[in-house]
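For clarity, every value in this text was computed on a predicted model and none was experimentally measured. To find a chain, count down the sequence lines: A is the first, B the second, and so on, and within it residues start at 1.
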There are 2 protein chains.
Amino acid sequence: MAEAVPGAPAGSKSEQAYALIKARIVEGTYSPGHRLVLARIAGDLGVSVVPIREAIRRLEAEGLVTFERNIGATVAGIDPTEYLYTMQTLSIIEGAATALSSPLLGAADIARARGVNEQLRACLKDFDPVRFTRLNQEFHSVLFEHCPNPHILDLVHRGWNRLASLRSSTFRFVPGRATESVDEHEALLRLIESQADADAIEKAARLHRSATLDAYLAQSSAADSS
Amino acid sequence: MAEAVPGAPAGSKSEQAYALIKARIVEGTYSPGHRLVLARIAGDLGVSVVPIREAIRRLEAEGLVTFERNIGATVAGIDPTEYLYTMQTLSIIEGAATALSSPLLGAADIARARGVNEQLRACLKDFDPVRFTRLNQEFHSVLFEHCPNPHILDLVHRGWNRLASLRSSTFRFVPGRATESVDEHEALLRLIESQADADAIEKAARLHRSATLDAYLAQSSAADSS
DNA sequence: CTCCTAAACTTCGTATACGATTTCGTACAT
DNA sequence: ATGTACGAAATCGTATACGAAGTTTAGGAG
């Protein structure tokens, strides 16, 4: 039971590579279109190419990278319509996850979500997009983390990852939506508190995200014509 | 531009292995719980273990197999609750796919779907579960194949694959549902023809699958208590 | 100056070999 | 008879090496 190096992360090298590359894509170190050369990454991590190949294949199956024979791997998501499709998919999945999770939310969860939302509201002045995004994710995480269906939960997390990887390059926030967003959060919380039926909660959660998408598209088209 | 072997399938060996293992899982050659030994599969296909590892990793990311360090890979889905979760997820995704696709369906598509449904109706006597399942899949494929969002389409197909892999071991059909199912198909077609709003179509498509799930659960619990 | 051709370079693809870890069977002691 | 310890077999994990395919670039002909 000898540990190799005390400070080293656990798991096989292929898993370490998978986690690291994924993190770099999500956090934006590797932007969409970035070319992932196997030998180069292997050299950076001090391992062989075989574990890197495995990691890339897994990321490919998750939709974070594209991989072509004899061409190489690139971080996916250059196409701007990708953003639309990802947001649309996430709105559907997240809406369902929230609806399935809502009956299992206790008063403590509601209170916690409301607390996060108040931090969001306080964040409206001295607006910090990064902080706002993080708090927003935390708010929604509280809402759907009790979802009993692991597949749906997994899809939500994949959607968030994919969204983060896309936004890292095209990071144009919509400040005008922020205020509305916080209000919609409060409305959603009240809907859950009142134990509204699942359809209503699902629809509200889905529309909340769709509205963000619409605002983004409106801003994009405005930016294009300017 | 020399082809290796004329009869050989295209693509790298890792892709061939991926497609073959996936096909075997979906068609039931490898049942849930079946242990996938890397060296054994490599020997069967006449290749080394490296491409097999890649294939297994991709299938793991798709949820078809589980892979543990120093333990090995097994076909996923032993747990009966897996069936419930998969069906629930698929009902959500498929409902959304059908709703997004329906505005784009032409008269020819409707006619084709109706033709398939009539074959399903004719199939009700001399009931053949395999044929019924195949026709049922074809019917729904017509309905959601025009879905413009590739992510959602991909998730539907993954759901179908996963469902097939689960059913291959637990193949207990619900004959009582078959007649209702055909009628619901017709109702769904009329809803699409009348250009009902997307919400109504989505709800109908989702409920259609949920009803099948409920019937399955009822049958299962009845079988358990007998 | 442009277009075509070929060679060199880059990068992926996989076989082989060896090390690490787990599991299973067997023998021994209690 | 049962529990434990030890060893052998099976299996995964990865480094290395070589081969195949694609891309780029240099050179020459028109």
Could you walk me through whether A/Thr89 and B/Ile93 pass the side chain to side chain contact (heavy atoms under 4.5 Å, CB included) test, one step at a time? CA-CA 9 Å; A/Thr89 307; B/Ile93 298 291; 5.7 Å; no
For B/Phe139 and B/His185, take the angle between the two ring planes, folded into 0 to 90°, and tell me which bin it lands in: parallel under 30, tilted 30 to 60, perpendicular over 60. parallel
Name the nucleic acid region contacted by B/Ile52, choosing base, sugar-phosphate or nothing; use a 4.0 angstrom heavy-atom cut-off, strictly under. nothing
Is B/Ile56 touching bases, backbone alone, or none of the nucleic acid, heavy atoms closer than 4.0 Å? nothing
Length of the line joining B/Leu38:CG and C/dC18:P, which is rounded to integer Å: 20 Å
Side chain of B/Ser101, backbone of B/His146: donor and acceptor closer than 3.5 Å? yes
Assess the side chains of B/Arg57 and A/Ser14: does a donor N or O sit below 3.5 Å from an acceptor N or O? yes
Between C/dG13, C/dA15, D/dT11, spot the one nearest the side chain of B/Lys13, thanks. C/dA15
Contact class for B/Arg53 (heavy atom, under 4.0 Å): base, sugar-phosphate, or nothing? base
For A/Ser14 and A/Asn70, find the nucleotide of DNA chain D closest to each by heavy atoms; which residue's nucleotide sits nearer the 5' end? A/Ser14
Taking for each residue the nucleotide of DNA chain C with the nearest heavy atom, is it B/Arg35 or B/Val47 whose nucleotide lies nearer the 5' end? B/Val47
Just compare C/dT23, C/dT14, D/dG22 and give me whichever is closest to any side-chain atom of B/Pro51. C/dT14
Quick one: label B/Val50 by what it contacts on the DNA or RNA (base, sugar-phosphate, nothing), any heavy atom closer than 4.0 Å. base
